[in-house]
Every structure is written in structure tokens, then in C-alpha cells.
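Numbering starts at 1 and runs along the sequence shown. Because only heavy atoms are used, hydrogens play no part in the values below, and waters and symmetry mates are left out as well, while side chains stay in.
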Amino acid sequence: MSAPEAGSRRHAELSRRESVMATPGKEGQVIANGAWAGNVIGVFTSGGDSQGMNGAVRAVVRMGFYLGCKVYFIKEGYEGMVAGGDNIEEATWSSVSGILQLGGTVIGSARSKKFRERPGRLSAAENLIKRGITNLVVIGGDGSLTGANLFRMEWADLVKELGETGKLTTEEQSRCGHLNIVGMVGSIDNDFCGTDMTIGVDSALHRIIEAVDAISTTASSHQRAFVMEVMGRHCGYLALVAALACEADWVFIPEWPPEGDWEETLCNKLASERKLGQRLNIILVAEGAVDRQGNAITADAVKNLLTEKLKYDTRVTVLGHVQRGGSPSAFDRILGSRMGAEAVLALMDAKAETPACVVSLEGNQTVRVPLMECVNRTQDVQKAMDAKNFEEAVRLRGRSFQNNLTTYRMLSKLRPPTSLCVGEHPPQIGPVDFRPEVGTQTERSAIADSKPTVNINIKMKGVETSVIYDKDHSFKTDQDHRNLAVVNIGAPACGMNAAVRSFVRLGLTQGYRVLGIQDSFDGLIAGRVRPMGWTQVHGWAGKGGSLLGTKKQLASDVSMGGIAEKLREFKIDGLLIVGGFEAFHSLFQLYQAREQYPAFCIPMCVIPCTISNNVPGTDFSLGADTALNEISDICDRIKQSATGTKRRVFVVETMGGFCGYLATMSGLAAGADAAYIYEDKITISKLRDDVFHLKDKILNAGVQRGLILRNECANANYTTEFINQLFAEEGKGVFSVRMNVLGHMQQGGVPSPFDRNYGTKMAAKCVAWFKERIETNLKDGRVMVKSPECFVLLGMQKRRLEFSPVCDLAIDTDFDNRLPLVQWWLKLRPLLRIMAKHTTETYTMDVEEAHVSEMDKE
């Protein structure tokens, strides 16, 4: 066994030993309406608030009602539990109506000194027992969860003491003999080990990116540097992911302090970027950032450094509690809803000897992990940082944190060879307009001259070479290069540009020339293929649409022979396709034609990018998260438009082709009453039942507004207009109806933090994949591959980014309707209906056994 293999094996064994085993959940089990009747649940939020908590509270209440439970709000956290009285209030269906889109927590949150003492916990126990509450759902950070576990462990003694003092009857003591605890982590810091994302993190990232995007325009206008302080006293997740998403020039985080000479390195980096034409600099500082000696690094200290050494006009912005505010993102609404529902199911399974657990959502999986083991792992991270063992701290944060850090360092710290930054120009559609971004004034003037060719001598890897600009191919050198090309295929989606930027920059650092193909296959046939430069893609991560240009077309619709000819002409050694179902289908066609066209025998990869999320081989497509946020925001505004107008139902049409992902998930995020999709056949009986259901809710449940979503291809006969007219006719006298077709608004806007980060990391993984395939398949100076493993799609599959051969994926694909045959999110449809007060026969949550060490997205 080689040394690397032995090291890898030892690391795997270490991970298994340190992992925390989880308990399987309710996947595939039948849970009847009223199956847990007679039980009582208390739900409270504690510690710092975070967006998405209200979604979790709503889900606990409504899942509790579905199972036949009585549910109580415990207001103001542990303080309200100790005080009792009006702070413990029985929940009703309508009391959680309209809270899903609200930030903060509607039931209040507070830190309690009284609960830390035994007399306070004794009062809290009495207040719970008097109401029959023996099941608690705790939404908070590790301190709140630790306090709840201590409360559970003391419960028997507290009950005994209350009985001995005459405060409890014998019946109350026997009925409330043990306390069940299930936790959900609500914290914008994402500092809890054992969960992929805590409730509120995604929304906080939205607030940070919104602020950076706004500041970037004024910073660029005045050529300023901005130092922005973000939250994260003990965890740098927010700062790190935000830095990746907004293309920050530098980030300071507590887990990975800069080297001793960081001041000089930072100044040299910013100075070199200004020389390359960059007009602004963004530096993010986590509030807990330190240097290698443990000394604090503050935003003001960084500002003073840039002002004194570089003479830059530098400003400081402290975001503070802005990051906790605002409406929760679609992700946090869905996360809170799924966690809240599973928390109630976990309580249903709990016994007296069952340890307290934390509900976590990992990838597309719901998992349960032991609470205290997660708390201990979280504390181990801080111990490692206190001991200045920063490598261990990063490792304990998990794979996701490590991958984010590695990708950020590659993209921001590395610079390409000087030659790759000379003579850059933005991509042009049609005839080339010679406008390089970088180079001397002489070079710019020479290139702008209308001569057939211009030669510029530069050094590449220490060797003098000549760069040739001409009006045919824009950029050539007298040395051989391996060429990687990137093209967008299909409808535009947010995240395309982030993937292209990452691919270009990391491809350049690996020594490849990266060619951008404009306007899909049509552009390739027309020869609109241009080399992409380092500074040329600056700022692309935050841009919506496709800056390369994209079209909805298949390779077979253009010209297979023409595509092969152009791949050969431009000497393309690897092709990355960023796009939707057309991208996947086109690559499958190229794979099938490789015997006929040898030019297709090069490594090819697809990054799935479509708002429809209908590409096989991946649970999440790039762009879908941004679309979900757009739909959720629009639905919030639509519902708000009816404020003061009694009893109104909105029928909203979403995009997605034949895939119901957008309708279903935005239905969960917006609190819809129903979502009609192609995969779940519509019948007139269903429509009739939903009309009766809405009537009942509005007349008897105190609900004033309804929301119906319909996927654009849900049914050829039951159109959006038909459903609108049906509900309007049958709802006369009870509610009025309005129809909205969202259209291309769902494709617009700026990419969400998730899509920026996701596209960046996927492209980084693709560069490494291309490098390996090219180096291992060189024959006589040519890259020649035919294996299915060289024609792949990169997708998120549960816990990992995986490359899947397109020929394997094609077997499980419905090409007529452009759908994968298996879609994980269909299991969430019963949850949507339960949250809307429908009665359903079964409830399926996608839950499986997991390990804490595995709970990180790639």
C-alpha cells in the first residue's frame, strides 16, 4: 500500500471512530392522522433569534395537530417557562398562519439567568406539568440545547421534589414521569457540529451579499476599499462563504488566521489587483478573527493598514444585527418546516431512556443525531482554536468548511502566469472589437490599430514567447497549450456566470488556456470562440443570466459534423457545458456520436444549471435556489396585496416545464394550500376537494387568504385559467380569486449566495477532473478518450458531488417530458398538504442513518 493510500485509510478510520451515530427516522412508514392523540408538546425559541425559526414553530404546531397532539407556545424562551402564566399559551391553527415569511421569532426569545439555577428549573417543571407538557421542542443554539438536556436529566428529581412539597398530585407525578427533548439548531453562525446548515444561516448570507453588492457600486465609482465586519465570534462560516460568493479579495476568520507576514502579503495583493485594472477591493472580517498568536484582527486595524501603507480611500462597514433581520430565505423556510415536522416525529418515537437528539437536514436527507455528542464536538472546535491547532479546528468543522476554504484560497490567493493577464478583452458577440483590459498603453494602441496581426513579446514560465492577436482567432501563442472550453446551453439561470468565472480562473492557474464559446453551439459553428482572461471574469459571480450567451438547442439540431469540425479547429482538449436538460441531452448525443466523430473523443462534463431542477444525476441544479427565492418573494407580495381585502385566493403559475420542483418547493416556502404538478396527476375530484378545503379553512379556521400554485405543464386540460375560473365559481360568497402568471421573473434577479457558492465549487471540481483526464489520456500529443467515465455530469447526490456517466443517467431519464424517473423531492408533497391542514393517509420523510462527520455538503 502506498503512503497516500495508507494516509487516506487512516483518515477514514479516524473519521469513523469520531463519528456520531444517528437514528433512522420515519422514511417509508405510514403515519395515520391522529396517531399520537392525547400527547402534549411545548415549543420554544431560546438564545439569539434567526430567520426561519417561525417556519419551524409553525411546522411543530401543524404536525402536532395532524398527529392529534395539543401544542403550547412557551413564550420568551426559558424565561417564559420559569415565569409560567400567560407565557405558556395553547396554540391554534390560525395562530401560526401568516408567520412563515416573518423574520425573528413571533413567540419571543430570551436568555434566562433564573433557569440556570435549580429553583428556576423547578418552577419551569411545575409550569409544564400543570399543562401536561412532557415533550419539548427546543429551537436555539448549543447553550439552549445543553440547558434542555440538563433539564431532561434532572426531570425525575424535580418531579419527585415537587411531589414531596405538595405541588403535584400523585396522578400528575405518574403521568409526567419523564421528559422528551428534541432540538433544532437556530443560529446564523452555523457553528454547531452535526448539522449541515443551521436555521437562519442562508438568510444571513443573503443579507451580507445584498450589502456587499450595494457597497460594490459605490466602491467602484470612487476606487475605494471596503472592510466589512460580519458576525461570527467563534465561527468563520458566514465570512468564508460570503467571501466566496462575493469575490472578496481577502477574508479573516477565527479558524484559519493569516500567516505572520499577512500585512505585507495583503498590501501586495491589493496593489497588484489595482494594477490589473480592478477599481474596488472588498475585505471581510469575522468579528472573532485573530492572528496566529491569538491577537484580535479588527476591521479598523485592517482599514488603518490600507490607509497608511497603500494610501487607499478605505471605509469600514459593520453589518451587525442587520444579518439577523429581514424575511427568511426560501431555503430557511423549507429547512425550518422539514426540521419542525421531523422533530415532532422524533418526539413520538422517544422513550424514557432515549437520549435527547437534534434534527438535522443534510443534503436532501433528514437525520437525527445525539444532542450532547454534537455539543461535545462543537466544543472540541473551540478547544482546538484555543490551543492554536487551527488545522484541527478546520478539520472538525467538516468537509463543507474545508472545501469552501480550499476553493476560496485557490480563487483569491493564486495569480495566473503574467502572460495570462496580458491582452485580455471582454467577450464580444460578432466581429471582435479589440479592447484588451490589461497591458501597456502601447499594447492597447497597437491592438486597437486595424492591422491584420499584432505581436507582443511576453514571458511565460520564464520563456520568452509571442502573443499574436488577429481578427480571426483573437489570441494565439507560438507555444502549444492545452485548451479547455466552456459553453452555456439552455435557458439562462443564475449561477451560470459564477461557474464560468471559477472554471476560467482555476483553469488558468493550472496552465490551461480557457476558451469561452459564445451563444451555445450556434456560436461555436460561427467561430465565436475567444480566450478568457483572469480579470475579464471579475465580478461575474454576482451577475444573473449568461454573459457568454446561451440558447435552448441540442447538438443534433445544429450540426454534429459542424461541432466536430470546430472542436478540431480550435484544438479543444476538454469541454465544459453549463446548462439544463438540453446540456445533458446534448452531451449524451455527443457521447453516442464519438465513434463517428473522433473530435468528440475528449473529456466532456456538464454542470447542471436550470431553474427547473429537472436534470438527472443531481438533487439540486444550479439556479433553482435563486428561482425559489424569487417565487417566494413574489408570493409574499401577492398575498400582502390582499391585506385588508377579506377572503381572497390567489392562483399562481410557476415555470419548470414538466418538472414540479419549483411549484412544490415554493409551495412549502410560501405556505401554499396546494401545488398542482405533472408528476402528481390532477383530477376533478382533487380540485373539488381543494375548493371545499379552502372554504372550510376560511369559514372555520380563521384564515383569510389562500394560495394555489400550478406548474405550467401540470395538465393540458386543467389550465391555470381553468383552475382560476373553477375556484372563482365554486367559491362565490366565500372568497374571491385572482390569477398570476409569474413568467420569466423567475429566471431574473441576482444569484443567491447558495448558487454563487455552488457554481464556484462545482467548477473547481471540474477543473481538477479535466486535469486528471487530460494527463492520463495523452497519446502522441493528442487527448483521446472513449470511456463512458469521460463523458459525465457533475451533480449533488445526497452528501457528495459525484461525476456520473451520461450514458448511465440516460437509462433513468424520460426524454419526452425532460424528467429524471426518480425525484427525491416528491416525498415532501405530503408535508406541504399537512402544513395546509389537509388530511393525508401517509406521511413520508426522507430520513436515513448518518454520521456527524459526514454532515457537510461538498
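N87 places no side-chain N or O within donor-acceptor distance of the main-chain N or O of I74, the cut-off being under 3.5 Å. Checked by atom type and distance alone, the side chain of R829 never pairs as donor or acceptor with a backbone atom of D680 at under 3.5 Å. Panel note: side chain N127, backbone M81; a donor-acceptor pair is recorded below 3.5 Å. The backbone N or O of G103 lies less than 3.5 Å from a partner atom in the side chain of N54, making a donor-acceptor pair. A donor-acceptor pair is defined here as one N or O able to donate and one able to accept, closer than 3.5 Å; such a pair exists between the side chain of R121 and the backbone of R116. A donor-acceptor pair under 3.5 Å is absent between the side-chain atoms of K383 and the main chain of A393, judged by distance alone. Side chain of R705 to backbone of K639: a donor-acceptor contact under 3.5 angstrom is found.
At a cut-off of 3.5 Å, with distance as the only test, a side-chain donor of S112 or E79 sits close to an acceptor on the other residue. Defined by atom type and a distance below 3.5 Å, a donor-acceptor pair is present between the side-chain atoms of R333 and S327. Side-chain atoms of D49 and T105 form no donor-acceptor pair, as typed in the model, at a separation below 3.5 Å. No side-chain donor from either of S329 and N629 sits under 3.5 Å from a side-chain acceptor of the other. Under 3.5 Å, the side chains of S109 and T45 contain no donor-acceptor pair of N or O atoms. Remark: the D755 side chain and the T626 side chain contain an N/O donor-acceptor pair separated by less than 3.5 Å.
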When you look at M184 and I199, which way does the side chain to side chain contact (heavy atoms under 4.5 Å, CB included) test go after all the steps? CA-CA 8 Å; M184 288 180 274; I199 297 171; 4.3 Å; yes
Test side chain to side chain contact (heavy atoms under 4.5 Å, CB included) on M339 and E342 and set out the steps. CA-CA 5 Å; M339 280 187 170; E342 181 58 31; 6.0 Å; no
Please walk me through it: do M197 and Y237 pass side chain to side chain contact (heavy atoms under 4.5 Å, CB included)? CA-CA 10 Å; M197 289 277 278; Y237 183 89; 3.3 Å; yes
I'd like to know whether I634 forms a side chain to side chain contact (heavy atoms under 4.5 Å, CB included) with V652, so could you lay out the CA-CA distance, the side-chain angles of the two residues, the decisive distance to 0.1 Å, and finally the verdict. CA-CA 10 Å; I634 294 169; V652 177; over 6 Å; no
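Distance CG/D191 to CG/D142: 6.0 Å, rounded to 0.5 Å. Here L128 contributes atom CG and L136 contributes atom CG; the two are 5.5 Å apart, rounded to the nearest 0.5 Å. Distance check: M372 CE to M153 CE gives 8.0 Å after rounding to the nearest 0.5 Å. Remark: R175 CZ to L168 CG distance equals 9.5 Å, nearest 0.5 Å. Atoms CG and CD, from D633 and E630 in turn, are 6.0 Å apart once rounded to the nearest 0.5 Å. Between the CG atom of L668 and the CG atom of L335 there is a distance of 12.0 Å, given to the nearest 0.5 Å.
Here the shortest heavy-atom pairing between V322 and R207 reads O-CG, 3.5 Å. Contact between L100 and G55 at its shortest, heavy atoms only, is CD1-CA, 3.6 Å. The minimum heavy-atom distance linking V375 with T146 is given by the pair CG1-OG1, 3.5 Å. A pairwise comparison of heavy atoms in S666 and A663 identifies OG-O, 3.4 Å as the closest pair. Minimum interatomic distance between F192 and T198 (heavy atoms only, all atoms of both residues): CB-CG2, 4.2 Å. Residues I188 and G200 come closest through the heavy atom pair CG2-O, 3.7 Å.
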Could you go through residues 697-704 and list every donor-acceptor pair under 3.5 Å that involves a side-chain atom there, pairing it with any protein atom two or more places apart or in another chain?
| unit_1 | atom_1 | unit_2 | atom_2 | d |
| --- | --- | --- | --- | --- |
| K697 | NZ | D673 | OD1 | 2.4 |
| K697 | NZ | A836 | O | 3.4 |
| N700 | ND2 | D696 | OD1 | 2.7 |

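Within the 6.0 Å centre-distance limit, the rings of Y78 and F44 are counted as a close aromatic pair.
Under a cut-off of 6.0 angstrom, the local environment of CZ in R131 is crowded, with over 12 non-hydrogen atoms contributed by other residues, nucleotides or ligands. Residue-environment remark: CD (Q640) stays at or below the threshold of 12 foreign heavy atoms within 6.0 Å. Summarising the local packing, NZ of K70 is surrounded by 12 or fewer heavy atoms from other residues, nucleotides or ligands at distances under 6.0 Å.
Under a 4.0 Å N-O distance rule, the pair K75/D86 does not qualify as a salt bridge. Electrostatic pairing of D619 and K798 does not count as a salt bridge here, judged by no charged N lying under 4.0 Å from a carboxylate O.
You'll find the side chain of T354 stays beyond 4.5 Å of the side chain of N180, heavy atoms only. Looking only at side-chain heavy atoms (C-beta outward), L67 and M348 come within less than 4.5 Å of each other. For the pair C235 and E255, the minimum side-chain heavy-atom distance is below 4.5 Å. Contact check for H178 versus T134: no side-chain heavy atoms found under the 4.5 Å cut-off. Between P370 and C357 the shortest side-chain heavy-atom distance does not fall below 4.5 Å. Inter-residue side-chain proximity for Q323 and V230 is flagged as met; some heavy-atom pair is nearer than 4.5 Å. In this structure the side chain of I181 never reaches within 4.5 angstrom of the side chain of N149, judged on heavy atoms. Looking only at side-chain heavy atoms (C-beta outward), S123 and F115 stay at 4.5 Å or farther from each other.
Residues passing the side chain to side chain donor-acceptor pair (under 3.5 Å) test with R118, sequence neighbours excluded: E161.
With respect to F620, the ring-ring contact (aromatic ring centres under 6.0 Å, His included) criterion is satisfied by exactly one of Y758, F331, Y661, W824: W824. Test D196, T195, T366 against S360 for side chain to side chain donor-acceptor pair (under 3.5 Å) and you get one pass: T195.
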